[in-house]
Student: 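First, the structure itself, so that you have it in front of you.
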Amino acid sequence: MLKKKERYVVAVVGATGAVGNEMIATLEQREFPVQKLRLFASERSEGKTLEFEGSEIAVETLKEDSFKGIDIALFSAGAERSKTWAPVAAKSGCVVVDNSSQWRMAPDIPLVVPEVNAGDLKKHKGIIANPNCSTIQMVVVLKPIHDAAKIKRVVVTTFQAVSGTGKKAMDELLQQTTDLLNFRDIKCKVYPHQIAFNCLPHIDKFLENGYTKEEMKMVNETKKIMGDNSIRVTATTVRVPVFRGHSESLNIETGKKLSADEARALLSSAPGVIVYDAPEKNIYPLAIDCAGKDETYVGRIREDESIDNGLNMWIVSDNLRKGAALNAVQIAEKLVEMA
Ligand code: NAP
Ligand code: 12T
(Lines give C-alpha, C1' and ligand atoms only; values in the text may rest on other atoms or scores of the structure.)
(Ligands and ions follow the chains in the order given, each with its own letter.)
Protein backbone atom coordinates (compact mmCIF):
# COMPACT_ATOMS: atom_id res chain seq x y z
CA MET A 1 0.00 0.00 0.00
CA LEU A 2 1.16 3.49 -0.79
CA LYS A 3 1.69 5.70 2.27
CA LYS A 4 0.40 9.27 2.05
CA LYS A 5 3.23 11.73 1.40
CA GLU A 6 3.67 15.24 0.02
CA ARG A 7 5.93 13.91 -2.74
CA TYR A 8 7.00 10.44 -3.83
CA VAL A 9 10.17 8.70 -4.94
CA VAL A 10 9.27 7.37 -8.39
CA ALA A 11 11.15 4.92 -10.63
CA VAL A 12 10.81 4.28 -14.35
CA VAL A 13 12.13 0.84 -15.35
CA GLY A 14 12.82 0.77 -19.10
CA ALA A 15 13.38 4.54 -19.05
CA THR A 16 15.30 4.66 -22.35
CA GLY A 17 12.54 2.94 -24.36
CA ALA A 18 9.63 4.33 -26.37
CA VAL A 19 7.18 3.90 -23.46
CA GLY A 20 9.71 4.85 -20.76
CA ASN A 21 10.48 8.14 -22.53
CA GLU A 22 6.78 8.92 -22.68
CA MET A 23 6.39 8.04 -18.98
CA ILE A 24 9.05 10.57 -18.01
CA ALA A 25 7.38 13.24 -20.17
CA THR A 26 3.93 12.39 -18.78
CA LEU A 27 5.07 12.61 -15.13
CA GLU A 28 6.50 16.05 -15.90
CA GLN A 29 3.52 17.33 -17.93
CA ARG A 30 0.94 16.22 -15.35
CA GLU A 31 3.06 17.58 -12.47
CA PHE A 32 3.02 14.28 -10.65
CA PRO A 33 4.29 14.92 -7.08
CA VAL A 34 7.80 13.58 -7.66
CA GLN A 35 10.33 14.03 -4.86
CA LYS A 36 13.02 12.13 -6.75
CA LEU A 37 13.00 10.27 -10.06
CA ARG A 38 15.14 7.14 -10.50
CA LEU A 39 15.69 5.76 -14.00
CA PHE A 40 16.56 2.16 -14.90
CA ALA A 41 17.45 0.39 -18.14
CA SER A 42 19.81 -2.35 -19.31
CA GLU A 43 23.60 -2.41 -19.16
CA ARG A 44 23.57 -1.03 -22.72
CA SER A 45 22.42 2.31 -21.30
CA GLU A 46 25.05 2.64 -18.59
CA GLY A 47 26.49 6.15 -18.61
CA LYS A 48 23.42 7.67 -20.28
CA THR A 49 21.45 10.50 -18.72
CA LEU A 50 17.86 11.61 -19.40
CA GLU A 51 16.23 14.96 -18.67
CA PHE A 52 13.43 15.45 -16.15
CA GLU A 53 12.18 18.85 -14.96
CA GLY A 54 15.31 20.57 -16.23
CA SER A 55 17.91 18.28 -14.65
CA GLU A 56 19.88 15.35 -16.03
CA ILE A 57 19.30 12.01 -14.30
CA ALA A 58 21.75 9.11 -14.67
CA VAL A 59 20.32 5.79 -15.89
CA GLU A 60 21.01 2.89 -13.49
CA THR A 61 20.97 -0.89 -13.89
CA LEU A 62 18.74 -3.06 -11.69
CA LYS A 63 20.12 -4.69 -8.52
CA GLU A 64 18.51 -6.63 -5.65
CA ASP A 65 18.43 -3.52 -3.44
CA SER A 66 17.57 -1.00 -6.19
CA PHE A 67 13.99 -0.49 -4.99
CA LYS A 68 14.87 0.48 -1.41
CA GLY A 69 13.25 3.84 -0.70
CA ILE A 70 11.22 3.88 -3.92
CA ASP A 71 7.45 4.45 -3.43
CA ILE A 72 6.15 3.85 -6.97
CA ALA A 73 7.80 2.05 -9.91
CA LEU A 74 6.46 2.25 -13.46
CA PHE A 75 7.75 -0.79 -15.40
CA SER A 76 8.07 -0.91 -19.20
CA ALA A 77 11.10 -3.07 -19.90
CA GLY A 78 9.40 -6.19 -21.26
CA ALA A 79 7.67 -9.18 -19.67
CA GLU A 80 10.87 -11.00 -18.70
CA ARG A 81 12.11 -8.06 -16.64
CA SER A 82 8.68 -7.65 -15.04
CA LYS A 83 8.59 -11.34 -14.17
CA THR A 84 11.93 -11.11 -12.37
CA TRP A 85 11.88 -7.62 -10.90
CA ALA A 86 8.28 -6.61 -10.14
CA PRO A 87 8.05 -9.08 -7.22
CA VAL A 88 11.45 -7.86 -5.96
CA ALA A 89 10.18 -4.27 -6.06
CA ALA A 90 6.84 -5.15 -4.40
CA LYS A 91 8.66 -7.05 -1.66
CA SER A 92 10.70 -3.99 -0.76
CA GLY A 93 7.48 -2.01 -0.24
CA CYS A 94 7.25 -0.29 -3.59
CA VAL A 95 3.97 -0.22 -5.57
CA VAL A 96 4.55 -1.43 -9.15
CA VAL A 97 2.49 -0.34 -12.15
CA ASP A 98 3.51 -2.86 -14.79
CA ASN A 99 3.10 -2.16 -18.50
CA SER A 100 4.11 -5.62 -19.70
CA SER A 101 1.82 -8.57 -20.41
CA GLN A 102 3.44 -10.59 -17.59
CA TRP A 103 0.89 -10.09 -14.78
CA ARG A 104 -2.26 -8.92 -16.59
CA MET A 105 -4.28 -12.11 -16.32
CA ALA A 106 -3.06 -13.17 -12.85
CA PRO A 107 -6.30 -13.50 -10.84
CA ASP A 108 -5.14 -11.52 -7.79
CA ILE A 109 -3.50 -8.69 -9.75
CA PRO A 110 -5.79 -5.79 -10.72
CA LEU A 111 -5.83 -4.84 -14.42
CA VAL A 112 -6.90 -1.23 -14.49
CA VAL A 113 -8.12 1.52 -16.79
CA PRO A 114 -9.09 4.30 -14.35
CA GLU A 115 -12.15 5.46 -16.34
CA VAL A 116 -13.51 1.91 -16.26
CA ASN A 117 -12.50 0.04 -13.08
CA ALA A 118 -10.51 2.31 -10.73
CA GLY A 119 -12.27 0.48 -7.85
CA ASP A 120 -10.22 -2.66 -8.56
CA LEU A 121 -7.12 -0.80 -7.34
CA LYS A 122 -8.23 -1.34 -3.74
CA LYS A 123 -7.44 -5.06 -4.08
CA HIS A 124 -3.80 -4.64 -5.07
CA LYS A 125 -0.99 -6.41 -3.21
CA GLY A 126 1.93 -4.42 -4.61
CA ILE A 127 1.61 -5.02 -8.36
CA ILE A 128 -0.98 -3.44 -10.67
CA ALA A 129 -1.10 -4.36 -14.36
CA ASN A 130 -1.56 -1.84 -17.15
CA PRO A 131 -3.57 -3.39 -20.01
CA ASN A 132 -2.53 -3.79 -23.63
CA CYS A 133 -2.64 -0.59 -25.68
CA SER A 134 -5.35 -1.82 -28.06
CA THR A 135 -7.53 -2.98 -25.18
CA ILE A 136 -7.24 0.27 -23.19
CA GLN A 137 -8.60 2.52 -25.93
CA MET A 138 -11.38 0.04 -26.72
CA VAL A 139 -12.68 -0.33 -23.13
CA VAL A 140 -12.95 3.41 -22.47
CA VAL A 141 -15.44 3.44 -25.36
CA LEU A 142 -17.18 0.13 -24.53
CA LYS A 143 -17.80 0.95 -20.86
CA PRO A 144 -20.49 3.66 -21.28
CA ILE A 145 -22.19 1.58 -23.99
CA HIS A 146 -22.15 -1.52 -21.77
CA ASP A 147 -23.61 0.42 -18.82
CA ALA A 148 -26.44 1.76 -20.99
CA ALA A 149 -27.26 -1.18 -23.25
CA LYS A 150 -25.32 -4.31 -22.14
CA ILE A 151 -22.82 -5.42 -24.75
CA LYS A 152 -23.30 -8.97 -26.03
CA ARG A 153 -20.52 -9.19 -28.62
CA VAL A 154 -17.69 -7.10 -30.07
CA VAL A 155 -15.89 -7.69 -33.38
CA VAL A 156 -12.73 -5.58 -33.53
CA THR A 157 -10.08 -5.06 -36.19
CA THR A 158 -7.03 -3.00 -35.27
CA PHE A 159 -4.62 -0.92 -37.35
CA GLN A 160 -1.63 -0.63 -35.04
CA ALA A 161 1.34 1.72 -35.17
CA VAL A 162 4.91 0.43 -35.13
CA SER A 163 5.77 2.39 -31.94
CA GLY A 164 3.79 -0.32 -30.08
CA THR A 165 6.73 -2.63 -30.72
CA GLY A 166 9.32 -0.10 -29.51
CA LYS A 167 12.13 2.04 -30.79
CA LYS A 168 13.71 -0.54 -33.11
CA ALA A 169 10.43 -0.95 -35.00
CA MET A 170 10.13 2.81 -35.55
CA ASP A 171 13.67 2.80 -36.96
CA GLU A 172 12.77 -0.15 -39.23
CA LEU A 173 9.74 1.63 -40.75
CA LEU A 174 11.79 4.79 -41.36
CA GLN A 175 14.73 2.88 -42.84
CA GLN A 176 12.60 0.67 -45.13
CA THR A 177 10.65 3.70 -46.35
CA THR A 178 13.79 5.67 -47.24
CA ASP A 179 15.45 2.60 -48.78
CA LEU A 180 12.43 1.83 -50.98
CA LEU A 181 12.09 5.45 -52.12
CA ASN A 182 15.78 5.33 -53.10
CA PHE A 183 15.46 2.00 -54.98
CA ARG A 184 17.62 0.17 -52.39
CA ASP A 185 17.05 -3.33 -50.99
CA ILE A 186 15.38 -3.42 -47.59
CA LYS A 187 16.16 -5.36 -44.42
CA CYS A 188 13.49 -7.00 -42.21
CA LYS A 189 14.75 -7.46 -38.66
CA VAL A 190 11.92 -6.58 -36.27
CA TYR A 191 8.98 -7.81 -38.39
CA PRO A 192 8.99 -10.97 -40.54
CA HIS A 193 7.90 -9.01 -43.65
CA GLN A 194 8.25 -5.53 -45.14
CA ILE A 195 6.21 -3.06 -43.04
CA ALA A 196 6.73 0.02 -45.24
CA PHE A 197 3.78 0.43 -47.68
CA ASN A 198 2.24 -2.79 -46.31
CA CYS A 199 -0.17 -4.26 -43.70
CA LEU A 200 0.77 -7.31 -41.61
CA PRO A 201 -2.06 -9.35 -40.03
CA HIS A 202 0.33 -10.44 -37.31
CA ILE A 203 1.02 -8.82 -33.92
CA ASP A 204 2.93 -10.73 -31.24
CA LYS A 205 3.20 -14.54 -31.51
CA PHE A 206 0.78 -16.99 -33.13
CA LEU A 207 -1.03 -19.34 -30.75
CA GLU A 208 -2.42 -22.84 -31.30
CA ASN A 209 -5.97 -21.58 -31.92
CA GLY A 210 -4.81 -19.60 -34.97
CA TYR A 211 -5.14 -16.23 -33.22
CA THR A 212 -2.17 -14.07 -32.25
CA LYS A 213 -1.33 -13.31 -28.63
CA GLU A 214 -2.28 -9.68 -29.25
CA GLU A 215 -5.76 -10.77 -30.40
CA MET A 216 -6.28 -12.97 -27.35
CA LYS A 217 -5.07 -10.14 -25.06
CA MET A 218 -7.96 -8.05 -26.41
CA VAL A 219 -10.43 -10.90 -25.78
CA ASN A 220 -9.31 -11.78 -22.25
CA GLU A 221 -8.29 -8.38 -20.91
CA THR A 222 -11.59 -6.79 -22.00
CA LYS A 223 -13.59 -9.28 -19.90
CA LYS A 224 -11.35 -8.78 -16.87
CA ILE A 225 -11.39 -4.96 -16.98
CA MET A 226 -15.13 -4.74 -17.66
CA GLY A 227 -15.74 -7.36 -14.93
CA ASP A 228 -18.06 -9.33 -17.22
CA ASN A 229 -17.12 -12.70 -18.67
CA SER A 230 -20.31 -12.84 -20.74
CA ILE A 231 -19.07 -10.24 -23.28
CA ARG A 232 -17.98 -12.11 -26.39
CA VAL A 233 -15.01 -10.55 -28.20
CA THR A 234 -13.24 -11.55 -31.39
CA ALA A 235 -10.25 -9.62 -32.75
CA THR A 236 -8.01 -9.32 -35.79
CA THR A 237 -4.92 -7.23 -35.08
CA VAL A 238 -3.01 -5.68 -37.97
CA ARG A 239 0.28 -3.77 -38.06
CA VAL A 240 0.22 -0.78 -40.40
CA PRO A 241 2.99 1.62 -41.50
CA VAL A 242 2.02 4.35 -39.01
CA PHE A 243 4.48 5.65 -36.42
CA ARG A 244 2.09 6.62 -33.67
CA GLY A 245 -1.62 6.04 -32.92
CA HIS A 246 -3.66 2.85 -33.07
CA SER A 247 -6.92 2.88 -35.07
CA GLU A 248 -9.68 0.32 -34.49
CA SER A 249 -12.87 -0.61 -36.30
CA LEU A 250 -15.49 -1.78 -33.76
CA ASN A 251 -18.72 -3.67 -34.39
CA ILE A 252 -20.75 -3.84 -31.18
CA GLU A 253 -23.91 -5.87 -30.59
CA THR A 254 -25.97 -4.79 -27.58
CA GLY A 255 -28.88 -6.30 -25.64
CA LYS A 256 -30.85 -3.06 -25.76
CA LYS A 257 -31.22 -1.01 -28.95
CA LEU A 258 -29.06 2.14 -29.07
CA SER A 259 -29.48 4.55 -31.96
CA ALA A 260 -26.37 6.17 -33.44
CA ASP A 261 -27.52 9.49 -31.93
CA GLU A 262 -27.95 7.93 -28.50
CA ALA A 263 -24.49 6.36 -28.73
CA ARG A 264 -23.02 9.71 -29.81
CA ALA A 265 -24.66 11.45 -26.82
CA LEU A 266 -23.45 8.78 -24.38
CA LEU A 267 -19.89 8.88 -25.67
CA SER A 268 -19.84 12.70 -25.66
CA SER A 269 -20.09 12.69 -21.87
CA ALA A 270 -17.83 9.67 -21.27
CA PRO A 271 -14.53 10.37 -19.45
CA GLY A 272 -11.44 10.16 -21.65
CA VAL A 273 -13.49 10.07 -24.86
CA ILE A 274 -13.94 12.73 -27.55
CA VAL A 275 -16.57 12.30 -30.23
CA TYR A 276 -15.13 13.52 -33.52
CA ASP A 277 -17.81 12.61 -35.99
CA ALA A 278 -18.96 14.83 -38.84
CA PRO A 279 -18.48 12.76 -42.00
CA GLU A 280 -20.22 15.39 -44.16
CA LYS A 281 -17.21 17.64 -43.41
CA ASN A 282 -14.69 14.78 -43.73
CA ILE A 283 -14.29 14.80 -39.95
CA TYR A 284 -13.35 11.50 -38.32
CA PRO A 285 -10.43 10.50 -36.09
CA LEU A 286 -6.99 10.04 -37.71
CA ALA A 287 -3.83 8.62 -36.19
CA ILE A 288 -1.80 11.66 -37.28
CA ASP A 289 -4.18 13.98 -35.38
CA CYS A 290 -4.46 11.84 -32.25
CA ALA A 291 -0.70 11.38 -31.76
CA GLY A 292 0.33 13.33 -28.65
CA LYS A 293 -3.27 13.60 -27.36
CA ASP A 294 -4.61 12.01 -24.17
CA GLU A 295 -8.14 11.03 -25.16
CA THR A 296 -9.61 8.28 -27.30
CA TYR A 297 -11.35 9.77 -30.34
CA VAL A 298 -14.51 8.20 -31.78
CA GLY A 299 -16.08 8.76 -35.18
CA ARG A 300 -17.99 7.03 -37.99
CA ILE A 301 -20.68 6.13 -35.41
CA ARG A 302 -23.48 4.38 -37.26
CA GLU A 303 -26.05 1.64 -36.83
CA ASP A 304 -25.19 -1.84 -38.09
CA GLU A 305 -28.06 -2.42 -40.50
CA SER A 306 -27.37 -6.17 -40.70
CA ILE A 307 -28.57 -6.88 -37.12
CA ASP A 308 -31.25 -5.55 -34.71
CA ASN A 309 -29.05 -3.93 -32.05
CA GLY A 310 -25.67 -3.14 -33.55
CA LEU A 311 -23.28 -0.21 -33.85
CA ASN A 312 -20.18 0.40 -35.93
CA MET A 313 -17.54 2.94 -35.04
CA TRP A 314 -13.92 3.94 -35.63
CA ILE A 315 -11.72 4.78 -32.65
CA VAL A 316 -8.18 6.19 -32.48
CA SER A 317 -5.82 6.90 -29.59
CA ASP A 318 -2.11 7.49 -29.05
CA ASN A 319 -0.75 4.03 -28.16
CA LEU A 320 2.23 5.43 -26.25
CA ARG A 321 0.04 7.80 -24.18
CA LYS A 322 -3.38 6.36 -23.21
CA GLY A 323 -2.20 2.98 -24.52
CA ALA A 324 0.77 2.90 -22.16
CA ALA A 325 2.43 5.82 -20.30
CA LEU A 326 -0.61 7.99 -19.56
CA ASN A 327 -2.74 5.10 -18.30
CA ALA A 328 0.13 4.04 -16.00
CA VAL A 329 0.54 7.58 -14.64
CA GLN A 330 -3.25 7.90 -14.18
CA ILE A 331 -3.14 4.68 -12.12
CA ALA A 332 -0.35 6.20 -10.02
CA GLU A 333 -2.45 9.37 -9.57
CA LYS A 334 -5.38 7.25 -8.32
CA LEU A 335 -3.05 5.47 -5.87
CA VAL A 336 -1.96 8.87 -4.54
CA GLU A 337 -5.63 9.94 -4.20
CA MET A 338 -6.39 6.72 -2.30
CA ALA A 339 -3.32 6.92 0.01
P1 NAP B 1 11.70 -0.37 -26.31
O2 NAP B 1 11.61 0.94 -26.97
O3 NAP B 1 12.37 -1.51 -27.00
O4 NAP B 1 12.38 -0.20 -24.85
C5 NAP B 1 12.70 -1.28 -24.02
C6 NAP B 1 13.20 -0.75 -22.68
O7 NAP B 1 13.47 -1.85 -21.81
C8 NAP B 1 14.51 0.02 -22.81
O9 NAP B 1 14.52 1.05 -21.85
C10 NAP B 1 15.53 -1.04 -22.46
O11 NAP B 1 16.76 -0.53 -22.01
C12 NAP B 1 14.80 -1.74 -21.32
N13 NAP B 1 15.40 -3.04 -21.04
C14 NAP B 1 15.64 -4.05 -21.89
N15 NAP B 1 16.27 -5.06 -21.26
C16 NAP B 1 16.45 -4.66 -19.97
C17 NAP B 1 17.06 -5.25 -18.82
N18 NAP B 1 17.61 -6.44 -18.88
N19 NAP B 1 17.04 -4.55 -17.66
C20 NAP B 1 16.50 -3.32 -17.59
N21 NAP B 1 15.92 -2.71 -18.66
C22 NAP B 1 15.88 -3.38 -19.82
O23 NAP B 1 10.26 -0.94 -25.95
P24 NAP B 1 8.94 -0.16 -25.50
O25 NAP B 1 8.04 0.01 -26.65
O26 NAP B 1 9.29 1.03 -24.67
O27 NAP B 1 8.24 -1.28 -24.62
C28 NAP B 1 8.76 -1.70 -23.41
C29 NAP B 1 7.81 -2.71 -22.79
O30 NAP B 1 6.61 -2.05 -22.41
C31 NAP B 1 7.36 -3.83 -23.75
O32 NAP B 1 8.20 -4.90 -23.78
C33 NAP B 1 6.01 -4.17 -23.20
O34 NAP B 1 6.16 -5.10 -22.14
C35 NAP B 1 5.52 -2.88 -22.63
N36 NAP B 1 4.57 -2.21 -23.54
C37 NAP B 1 3.28 -2.20 -23.20
C38 NAP B 1 2.37 -1.60 -24.01
C39 NAP B 1 0.94 -1.64 -23.68
O40 NAP B 1 0.20 -2.12 -24.49
N41 NAP B 1 0.51 -1.13 -22.56
C42 NAP B 1 2.76 -0.99 -25.19
C43 NAP B 1 4.09 -1.02 -25.54
C44 NAP B 1 4.98 -1.62 -24.70
P45 NAP B 1 18.00 -0.29 -23.05
O46 NAP B 1 17.70 0.98 -23.78
O47 NAP B 1 19.14 -0.17 -22.13
O48 NAP B 1 18.05 -1.48 -23.93
N1 12T C 1 3.82 -7.08 -29.03
O2 12T C 1 2.25 -4.95 -23.91
O3 12T C 1 4.01 -5.19 -30.78
O4 12T C 1 1.43 -6.83 -24.52
O5 12T C 1 2.56 -3.57 -30.61
C6 12T C 1 2.06 -4.25 -26.63
C7 12T C 1 2.34 -3.95 -27.95
C8 12T C 1 2.97 -6.43 -26.92
C9 12T C 1 2.01 -5.78 -24.77
C10 12T C 1 3.19 -4.54 -30.15
C11 12T C 1 3.24 -6.14 -28.24
C12 12T C 1 2.37 -5.48 -26.15
C13 12T C 1 2.91 -4.90 -28.75
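Order of appearance sets the numbers: ligands from 1, and atoms from 1 within every ligand.
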Student: Is Arg30 salt-bridged to Glu333, going by a charged N under 4.0 Å from an acidic O?
Tutor: yes
Student: For atom 13 (N) of ligand 1, what's the nearest protein heavy-atom neighbour? Residue, atom name and distance, please.
Tutor: Ala77 CB, 3.9 Å
Student: For ligand 1, find out whether one of its N or O atoms is nearer than 3.5 Å to an N or O atom of Ala18.
Tutor: yes
Student: With a cut-off of 4.0 Å, which atoms of ligand 1 are near a heavy atom of Ser45?
Tutor: 45 (P), 46 (O), 47 (O)
Student: How far is atom 43 (C) of ligand 1 from its nearest protein heavy atom, and which residue and atom is that?
Tutor: Gly164 O, 3.5 Å
Student: Between Ser259 and Lys257, do the side chains contain an N or O donor and an N or O acceptor separated by less than 3.5 Å?
Tutor: no
Student: Taking the side chain from Tyr8 and the backbone from Lys5, do they hold a donor-acceptor pair closer than 3.5 Å?
Tutor: yes
Student: Name the closest protein heavy atom to atom 8 (C) of ligand 1, giving the residue it belongs to and the distance to 0.1 Å.
Tutor: Thr16 OG1, 3.4 Å
Student: Tell me whether ligand 1 is touched by Pro131 - counting only heavy atoms on the residue side and a distance under 4.0 Å.
Tutor: yes
Student: Does Asp171 come within less than 4.0 Å of Lys167, counting only side-chain N to carboxylate O?
Tutor: no
Student: Answer with yes or no whether Asn99 contacts ligand 2, where contact means a heavy atom under 4.0 Å from a ligand atom.
Tutor: yes
Student: Should one rank Arg239, His246, Lys213 by closest heavy-atom distance to atom 3 (O) of ligand 2, which comes out on top?
Tutor: Arg239
Student: Going by distance only, is there an N or O of Thr165 that falls short of 3.5 Å from an N or O of ligand 2?
Tutor: yes
Student: Numbering the atoms of ligand 1 from 1, which are under 4.0 Å from a heavy atom of Gly323?
Tutor: 39 (C), 40 (O), 41 (N)
Student: Less than 4.0 Å between a side-chain N and a carboxylate O, is that true for Arg244 and Glu22?
Tutor: yes
Student: With no hydrogens and no angle check, just 3.5 Å: does a side-chain donor-acceptor pair link Gln160 and Ser134?
Tutor: yes
Student: Among all protein heavy atoms in this structure, tell me which lies nearest to atom 32 (O) of ligand 1, with the distance rounded to 0.1 Å.
Tutor: Gly78 CA, 3.1 Å
Student: Return the residue, atom name and 0.1 Å-rounded distance of the protein heavy atom closest to atom 19 (N) of ligand 1.
Tutor: Arg81 CG, 3.6 Å
Student: Starting from atom 27 (O) of ligand 1, what is the nearest protein heavy atom, named by residue and atom, and what distance separates them?
Tutor: Val19 CG2, 4.0 Å
Student: Of all the non-hydrogen atoms in the protein, which one sits nearest to atom 38 (C) of ligand 1, and at what distance?
Tutor: Asn99 OD1, 3.7 Å
Student: Whether the Thr135 and Arg104 side chains hold a donor-acceptor pair (N or O, under 3.5 Å, no angle test) is what I'd like checked.
Tutor: no
Student: Considering only the protein, which heavy-atom contact is closest to atom 4 (O) of ligand 2, and what is its distance?
Tutor: Lys217 NZ, 2.7 Å
Student: Can a donor-acceptor pair be found between the side chains of Asp179 and Gln175 at a distance below 3.5 Å?
Tutor: yes
Student: Take every heavy atom of Glu22, measure it against each atom of ligand 1, and state whether any distance is under 4.0 Å.
Tutor: no
Student: Can you tell whether the side chains of Glu115 and Lys143 come within less than 4.0 Å, N to carboxylate O?
Tutor: no
Student: Distance to 0.1 Å, residue and atom name: give those for the protein heavy atom nearest to atom 2 (O) of ligand 2.
Tutor: Arg104 NH2, 2.7 Å
Student: Could you tell me whether the side chains of Lys187 and Gln176 share a donor-acceptor contact shorter than 3.5 Å?
Tutor: no
Student: Hey, is Lys125 close enough to Asp108 for a salt bridge, meaning N to O under 4.0 Å?
Tutor: yes
Student: For Cys133, is at least one N or O under 3.5 Å away from an N or O on ligand 1?
Tutor: yes
Student: Checking contacts here: is it the side chain or the backbone of Ala15 that comes within 4.0 Å of ligand 1, counting heavy atoms only? Could be both or neither.
Tutor: backbone
Student: Please say whether Ile136 places an N or O atom under 3.5 Å from an N or O atom belonging to ligand 1.
Tutor: no
Student: Quick one: nearest non-hydrogen protein atom to atom 6 (C) of ligand 2, plus distance?
Tutor: Asn132 ND2, 3.5 Å
Student: Does Asn319 approach ligand 2 within less than 4.0 angstrom via side chain, backbone, both or neither, non-hydrogen atoms only?
Tutor: neither
Student: Can you confirm whether Asp277 sits close enough to Val298 that some side-chain heavy atom of one is under 4.5 Å from a side-chain heavy atom of the other?
Tutor: no
Student: Which atoms of ligand 1 are found less than 4.0 Å from any heavy atom of Arg104?
Tutor: 39 (C), 40 (O), 41 (N)
Student: State plainly whether the residues Lys334 and Glu337 are in salt-bridge range, i.e. N to O under 4.0 Å.
Tutor: yes
Student: I need the nearest protein heavy-atom contact for atom 13 (C) of ligand 2: residue, atom name and distance, please.
Tutor: Gly164 O, 3.5 Å
Student: Under 3.5 Å between some N or O of ligand 1 and some N or O of Gly20?
Tutor: no
Student: Using 4.0 Å as the upper bound for N to carboxylate O, is an ion pair formed by Arg321 and Asp294?
Tutor: yes
Student: Starting from atom 28 (C) of ligand 1, find the nearest protein heavy-atom neighbour and note its residue, name and distance.
Tutor: Ser76 O, 3.1 Å
